[in-house]
Amino acid sequence: MDELIDQPRPGVWLGPIFAGLVILAALLTQQPFERFQFNADEGINLIKAALLADGYALYRDIWSDQPAVFTWLLRGWFALFGESVAAARVLIMLFSALLAGLFCDTIRRTLGPAAAIVGTLMLILSKRYLLLSASVMIGQPALALAMLSIWLIVVHRDHPRRWVLLLSAAAFAMSVQTKAFTVFLAPLIALQSPLIARIGVPARRRWLTAGLWCVAFAVVSAVLLSITGALAPAQLVTAHVGSATRNAYGQGFGFDVLVLELR
């Protein structure tokens, strides 16, 4: 672990750990284990994971307009802790705590502890952050995985290790395959490697490092698409751009009232 952190100092991890604990405590105010639903999408995500556990195939037997990584993660979580709404919400809460902790430590490493405290408080207090952190929805896990990728890039700046860079690319591939809206961060993350590399490293080597990240991201993305069955499902595209689907959403054909309870 010495390769992954700054020179050990007392309390170096207190900020990230405290940020995660604050998030978990604040989430209890949302009554995550008592409220029936936070959003109709919860039912969709829960039933997809339950059907996947029962042997049905995504994109063939189960209609889905989203990437498959979260459904598979939730299916594995159910295998460990049972199929329940409460268990699924705990998983999302842990992702949110991870996001806050890594966000705090990334700012600490780049701008200092004072900025980390202010930035993390602004994150926690931002609109709908706590609500989304208690809901079984895919946005928060996608952002947490993207934050993990960014944090690993910053760690790589301080302690250049090729495997850390590869882990960053893999984490971001998982983020995009959880919810594709994080893909706009890809150029920014890829450029971080040459732009924040240590002074004195040749420019050619820095750009080769960025290229390695891009190649690793592409390879991991292709593997994830293949093993999750999402390599070429038309519904991932047509569900968002097809006129018939837009009309269905616009007329509210059940999507705004769908609530599915796990057995």
Side-chain angles (χ1 to χ4, degrees), residues 1-9 12-13 15-16 66-70 72-73 95 98-113 115-116 119-120 123 138-233 236-237:
M1 289 298 296
D2 291 344
E3 299 172 350
L4 281 179
I5 60 177
D6 299 324
Q7 287 298 322
R9 299 191 303 272
V12 71
W13 288 105
Q66 298 294 339
V69 164
F70 178 72
W72 279 97
L73 287 176
F95 269 117
L98 176 68
L99 170 58
L102 294 180
F103 181 80
C104 177
D105 193 54
T106 298
I107 298 179
R108 178 191 66 81
R109 287 172 178 269
T110 54
L111 298 175
T120 304
L123 172 69
I138 60 179
Q140 211 75 330
L143 290 174
L145 289 167
M147 191 68 245
L148 174 60
S149 177
I150 294 170
W151 178 78
L152 286 167
I153 285 287
V154 175
V155 169
H156 179 266
R157 174 202 64 180
D158 298 331
H159 303 280
R161 295 293 186 275
R162 186 172 298 173
W163 64 271
V164 175
L165 193 71
L166 296 177
L167 280 179
S168 170
F172 192 69
M174 290 188 65
S175 171
V176 173
Q177 295 304 317
T178 298
K179 189 170 179 64
F181 73 165
T182 59
V183 73
F184 77 94
L185 293 171
L188 300 177
I189 296 176
L191 286 172
Q192 285 301 299
S193 181
L195 292 180
I196 68 174
R198 288 179 173 178
I199 296 174
V201 177
R204 183 169 178 269
R205 180 179 172 186
R206 280 182 272 164
W207 286 107
L208 286 174
T209 300
L212 176 63
W213 187 95
C214 293
V215 170
F217 168 72
V219 170
V220 175
S221 296
V223 171
L224 288 173
L225 286 169
S226 179
I227 65 178
T228 60
L231 193 56
L236 285 176
V237 177

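One distance of note links CD of Gln177 with CD1 of Ile227; it measures 10.0 Å at 0.5 Å rounding. Rounding to the nearest 0.5 Å gives a distance of 13.5 Å between CZ of Arg161 and CG of Leu167. Separation of atoms CG (Leu212) and CZ (Arg162) is listed at 6.5 Å; rounding is to 0.5 Å. Taking OG1 of Thr106 as the start and CZ of Phe103 as the end, the distance is 8.5 Å to the nearest 0.5 Å. With rounding to the nearest 0.5 Å, the separation of CG in Leu148 from CE in Met174 is 9.5 Å. The structure places CG of Leu185 at 10.0 Å from CE of Met147, a figure rounded to the nearest 0.5 Å.
Put simply, the side chain of Val219 reaches to within 4.5 Å of the side chain of Val215, judged on heavy atoms.
Every residue two or more places apart in sequence or in another chain that forms a side-chain contact (heavy atoms from CB on, under 4.5 Å) with Ala170 is listed here: Val220.
When all heavy atoms of Thr182 and Phe172 are compared, the pair lying nearest together is O-CZ, 3.0 Å. Shortest non-hydrogen contact noted between Pro67 and Ala180 is CG-N, 4.3 Å. Scanning all heavy atoms of the two residues, the minimum distance from Cys104 to Thr120 falls at CB-OG1, 3.2 Å. Contact detail for Trp213 and Ser168: the closest heavy-atom pair is NE1-OG, 3.0 Å. Across all non-hydrogen atoms, the minimal contact from Leu166 to Ala216 is CD2-CB, 3.6 Å. Here the closest non-hydrogen pair linking Arg108 and Ala116 is N-CB, 3.7 Å.
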Check your understanding: Between Phe217 and Val176, does a side chain to side chain contact (heavy atoms under 4.5 Å, CB included) hold up when you go through it step by step?
Key -> CA-CA 10 Å; Phe217 168 72; Val176 173; 4.1 Å; yes

Practice item. List the steps and the verdict of side chain to side chain contact (heavy atoms under 4.5 Å, CB included) for Arg109 and Asp105. Key: CA-CA 6 Å; Arg109 287 172 178 269; Asp105 193 54; 2.8 Å; yes

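Tested against Ser175 for a side chain to side chain contact (heavy atoms under 4.5 Å, CB included), the candidates Leu145, Val183, Leu143 yield a single pass: Leu145.
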